[in-house]
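We count residues from 1, following the sequence as given. Because only heavy atoms are used, hydrogens play no part in the values below, and waters and symmetry mates are left out as well, while side chains stay in.
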Amino acid sequence: MKFEAFPGIRQLIHWIINNESTIVQGVFNLIGAVFLLCAGVFIARIASAGFKRLLLSRQVDKTVTQFCSALLRYAMLAFAVVAALGRLGVETSSIIAVIGAAGLAVGLALQGSLSNFAAGVLLVTLRPIRAGEYASVGAVAGTIEEVHIFSTTLRTSDNKMVVVPNGKIIASEITNFSRQPHRRVDITLGVAYTTSIEHLKSVIKTVITLDPRILHDKGQVIRLNEFAPSSLNFVVRVWTENKNYWDVYYDLMENIKNALDANQIAMPYPQMDIHLNDLRQTANAKEVTHS
């Protein structure tokens with residue numbers, strides 16, 4: 001076939017013949033780029049699914065699991081795209097620099113949210129608090145309702161819902177009152193200085209013995225703790241199951257007070273003596289002194 005009537009086609013064929021090696025190399029690069037991209041998508045999907053199963057097997061929160069698996073998948077996809085572009089001969093250093101700058105800008109803009117997210121990951125991984133437990137988190141105390149990825153919801157004893165950012169929880173002290181099965185009840189009481197120590201101990205021991213919710217095998221403490229200005233201060237310490245703590249505390253307080261009244265043991269309170277002098281008598285006394 002003659003191509004004299006089509007000079008453009010003749011030039012194209014001539015260019016292909018002269019640049020055959022370059023074209024072949026370009027086709028191989030394109031095939032390699034497509035292979036890298038497809039392999040990256042496949043590996044990212046497999047790795048993300050495997051990482052998700054691993055987190056779920058370790059009982060990590062579902063929200064954190066989904067977020068981390070998606071983050072791993074997109075990171076591997078971005079790496080595959082950059083590798084494919086590099087295979088095609090595109091200068092990837094500038095692309096990596098742009099991605100790094102964009103990541104830095106997003107990180108600075110979401111600094112608070114990212115810190116809360118990192119704290120949420122630690123909370124659901126280490127589990128210092130769990131849903132249903134009563135805990136003190138910084139200045140807030142209440143029952144843990146939910147531990148989210150960015151914040152934690154608590155319900156206070158007066159039925160208020162409080163949402164605390166996870167960053168503040170990790171940065172402050174966490175006191176978990178529900179984690180241990182047993183809890184100690186501490187009571188301080190003051191009695192008159194004329195009270196017999198042995199008699200007082202006997203009365204309180206009787207009250208403690210009559211309460212079946214108290215764990216007697218863990219021992220008890222009834223000791224003089226302080227010589228206060230107007231009273232002898234004793235400490236009473238017993239153990240009970242965590243679920244019975246407040247009932248035992250309030251019942252023990254009431255029963256000890258009733259037992260002290262029944263045994264005529266006084267519980268003094270601060271008193272102040274005020275002495276009033278007649279001003280006229282004071283004035284007459286001064287006149288006699290001066291005369």
- side chain to side chain contact (heavy atoms under 4.5 Å, CB included) between Phe234 and Asn225, worked out: CA-CA 5 Å; Phe234 285 78; Asn225 184 58; over 6 Å; no
- Going through the distances and angles, do Ile214 and Val185 end up as a side chain to side chain contact (heavy atoms under 4.5 Å, CB included)? CA-CA 9 Å; Ile214 295 177; Val185 180; over 6 Å; no
- Pair Val207-Asp211, side chain to side chain contact (heavy atoms under 4.5 Å, CB included): steps then yes or no: CA-CA 7 Å; Val207 174; Asp211 195 331; over 6 Å; no
- side chain to side chain contact (heavy atoms under 4.5 Å, CB included) between Arg237 and Arg223, worked out: CA-CA 9 Å; Arg237 296 171 180 166; Arg223 299 302 299 268; over 6 Å; no
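Under the 4.5 Å side-chain heavy-atom criterion for grouping Ile, Leu, Val, Met, Phe, Trp and Tyr, Ile256 is not connected to Val221 through any hydrophobic cluster. Hydrophobic clustering (side-chain heavy atoms under 4.5 Å, transitive across Ile, Leu, Val, Met, Phe, Trp, Tyr) groups Val248 together with Tyr250. Side-chain heavy atoms closer than 4.5 Å link hydrophobic residues (I, L, V, M, F, W, Y) into clusters, and following such links, possibly through other members, connects Val147 to Ile170. Cluster membership check: Val34 does not share its hydrophobic cluster with Phe79, using side-chain heavy-atom separations under 4.5 Å among Ile, Leu, Val, Met, Phe, Trp and Tyr.
Annotation for Met267 and Leu189: closest pair CE-CB, 4.3 Å, computed over non-hydrogen atoms. Between Thr209 and Lys205, the shortest heavy-atom distance links the atoms OG1-O, 2.7 Å. Ser178 approaches Tyr134 most closely through the heavy-atom pair OG-N, 2.8 Å. Here the shortest heavy-atom pairing between Tyr245 and Arg184 reads CE1-O, 3.3 Å. The minimum heavy-atom distance linking Ala192 with Pro268 is given by the pair N-CD, 3.3 Å. Here the closest non-hydrogen pair linking Gly40 and Ala80 is CA-CB, 3.7 Å.
Using modelled atom types and a 3.5 Å distance limit, the side chains of Thr152 and Asn166 yield a donor-acceptor pair.
Results of the side chain to side chain donor-acceptor pair (under 3.5 Å) test with Arg213 over Asp247, Asp251, Asn244 single out Asp251 as the only residue that passes.
Aromatic ring pairs are classed by plane angle as parallel below 30°, tilted from 30° to 60° and perpendicular above 60°; the pair Trp246 and Tyr249 is perpendicular.
The shortest side-chain heavy-atom distance between Leu154 and Glu145 does not fall under the 4.5 Å cut-off. No side-chain heavy atom of Val235 sits under 4.5 Å from any side-chain heavy atom of Ile187.
Between the Ser48 side chain and the Arg45 main chain, no donor and acceptor come within less than 3.5 Å of each other. Side chain of Asn176 to main chain of Pro128: a donor-acceptor pair is present (N/O by atom type, distance under 3.5 Å, no hydrogens or angles).
Residue pairs meeting the salt bridge (Lys or Arg N to Asp or Glu O under 4.0 Å) criterion with at least one partner in residues 162-183, sequence neighbours excluded, are Glu133-Arg179.
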